[in-house]
Amino acid sequence: MPTPTATYTKYETRRRDPDPRRAALLVIDVQGHFASLAAPIMPAITTTVALCRGAGLPVVYTRHVDPVPRSRPLGEWWPGDRIDAGTPAAELLPGAGRAEGDLVVEKSTYSAFAGGTGLEEALRRAGAEEVIVAGLMTNLCCETTARDAFVRGFRVFFSADATATATPDLQEATLANMAYGFAYIVDCERLEAALGKPAN
């Protein structure tokens, strides 16, 4: 699905650049289960990770893994659509850019902060006051994590070109919601300008 890399500016209500001294990158669920959705945005994911890593930002990955038995209400909403630990569906995609030492947070619901993942504590220990959100799916785990970060007091930046979901309408709806009340919208071009160096 093509992502609206140029159209998000029509939703902008505020504009700000992330502060590389205070920000961390959250790469949400770029894993085997979502490989087909991820494919069109992998270049943007790679660029986003490289830009943030080059600027010295902590890079945190999440993986969705379903518990046994599956938690409610997620199991009711997606019956039969499981991501089991130890399967290719649960593993980060090779192109996701993970490096040795990167934190990988395992989660079992939409928000990467919910259910005792330790993400908030890890970000606080790293001195992060801002998060940049990229990954999958835009309107589910990315959006819920971004909203949760906002209500926990983090300044949120949300990627327009390094996120993807099932339909253009859902992508656009999330970008509009994020820009209206939760996050500053960015893309690779804006991150490059803000963080200083082009990704190699």
Side-chain angles (χ1 to χ4, degrees), residues 3-30 38 41-62 96-98 102-103 105 107 110-114 117 119-120 122-165 170-199:
T3 54
T5 58
T7 61
Y8 76 85
T9 54
K10 71 184 176 186
Y11 304 122
E12 274 192 323
T13 57
R14 295 162 184 83
R15 180 170 177 163
R16 187 184 186 109
D17 290 333
D19 182 343
R21 299 166 300 173
R22 296 182 173 88
L25 173 64
L26 305 182
V27 184
I28 308 296
D29 300 354
V30 182
I41 64 162
M42 288 308 291
I45 291 281
T46 300
T47 298
T48 298
V49 170
L51 285 166
C52 290
R53 200 182 299 286
L57 276 65
V59 179
V60 179
Y61 290 84
T62 73
R98 183 189 174 200
D102 290 340
L103 177 63
V105 171
K107 64 185 188 61
Y110 294 148
S111 173
F113 291 95
T117 64
L119 175 59
E120 181 174 2
L123 291 171
R124 302 288 184 202
R125 285 194 301 272
E129 299 173 9
E130 303 177 350
V131 294
I132 302 166
V133 177
L136 303 150
M137 294 168 64
T138 310
N139 60 312
L140 297 178
C141 296
C142 293
E143 180 170 345
T144 308
T145 296
R147 287 170 180 261
D148 211 349
F150 180 92
V151 300
R152 291 166 189 261
F154 293 94
R155 181 177 290 123
V156 181
F157 297 85
F158 198 94
S159 177
D161 59 354
T163 55
T165 190
L170 292 172
Q171 180 84 10
E172 295 272 346
T174 290
L175 296 178
N177 276 324
M178 290 291 101
Y180 186 81
F182 295 97
Y184 299 94
I185 308 299
V186 295
D187 61 5
C188 290
E189 183 178 350
R190 186 166 292 179
L191 285 177
E192 183 177 323
L195 300 178
K197 294 180 180 178

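Values in this document were obtained by computation on a predicted structure and should not be read as measured data.
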Provide the closest heavy-atom pair for Cys141 versus Leu136 in the form atom of the first, atom of the second, distance. CB-O, 3.8 Å

Thr9 OG1 to Arg190 CZ distance, which is reported to the nearest 0.5 Å: 7.5 Å

Hey, is the main chain of Asn139 close enough, under 3.5 Å, to the side chain of Tyr110 for a donor-acceptor pair? no

Which residues satisfy the side-chain contact (heavy atoms from CB on, under 4.5 Å) test with Ala149, sequence neighbours excluded? Phe113, Val131, Phe154, Val156

What heavy-atom pair brings Ala44 and Cys188 nearest, and what distance separates the two atoms? O-SG, 3.6 Å

Kindly write out the residues that satisfy ring-ring contact (aromatic ring centres under 6.0 Å, His included) with Phe157, not counting sequence neighbours, or none if the list is empty. Tyr184

Worked check of side-chain contact (heavy atoms from CB on, under 4.5 Å) between Met42 and Val30: CA-CA 9 Å; Met42 288 308 291; Val30 182; 3.9 Å; yes

Distance in Å, Cys142 SG paired with Leu26 CG, rounded so as to fall on 0.5 Å steps: 9.5 Å

For the atom pair CD (Glu130) and CG (Leu25), what is the distance rounded to the nearest 0.5 Å? 12.5 Å

Partner set under side chain to side chain donor-acceptor pair (under 3.5 Å) for Thr138, not counting sequence neighbours: Gln171

Tightest non-hydrogen contact, residues Ala134 and Thr163, listed as CA-CG2, 3.9 Å

Just jot down the salt bridge (Lys or Arg N to Asp or Glu O under 4.0 Å) partners of Asp19, sequence neighbours excluded, or say none. Arg21, Arg22

Can you tell if the side chain of Thr165 reaches within under 4.5 Å of the side chain of Leu140, non-hydrogen atoms only? no

Is there a side-chain contact (heavy atoms from CB on, under 4.5 Å) between Lys107 and Asp29 once you walk through the steps? CA-CA 9 Å; Lys107 64 185 188 61; Asp29 300 354; 2.8 Å; yes

Going by side chain to side chain donor-acceptor pair (under 3.5 Å), name the residues that satisfy it together with Glu189, two or more places apart in sequence or in a different chain. none

List in chain and number order the residues that pass side chain to side chain donor-acceptor pair (under 3.5 Å) with Arg15, two or more places apart in sequence or in another chain; answer none if no residue qualifies. none

If you take all heavy atoms of Ala112 and Thr117, which pair is closest and at what distance? O-OG1, 2.6 Å

Nearest heavy-atom approach of Gly97 to Tyr61 is C-OH, 2.9 Å

Could I get the full list of side-chain contact (heavy atoms from CB on, under 4.5 Å) partners for Pro20, not counting sequence neighbours? Ala55, Leu57, Leu195

Please give me the minimum heavy-atom distance between Leu103 and Ala122, naming the atom from each residue. CD2-CB, 3.6 Å

Sorted by chain and number, sequence neighbours left out, side chain to side chain donor-acceptor pair (under 3.5 Å) with Ser111 holds for Asp148

Could you give the distance from CG (Leu51) to CG (Leu191), rounded to the nearest 0.5 Å? 6.5 Å

I'd like a table of donor-acceptor pairs (distance under 3.5 Å, sequence neighbours excluded) in which one partner is a side-chain atom from residues 173-183, with atom names and distances.
{"residue": "Thr174", "atom": "OG1", "partner": "Glu143", "partner atom": "OE1", "Å": "2.5"}
{"residue": "Thr174", "atom": "OG1", "partner": "Leu170", "partner atom": "O", "Å": "3.4"}
{"residue": "Asn177", "atom": "ND2", "partner": "Ala173", "partner atom": "O", "Å": "3.4"}

For Arg53 and Asp102: C-alpha separation, side-chain torsions, deciding distance, then whether side-chain contact (heavy atoms from CB on, under 4.5 Å) applies. CA-CA 10 Å; Arg53 200 182 299 286; Asp102 290 340; 2.9 Å; yes

One should read off an interatomic distance between Arg152 CZ and Arg124 CZ, to the nearest 0.5 angstrom, of 9.0 Å

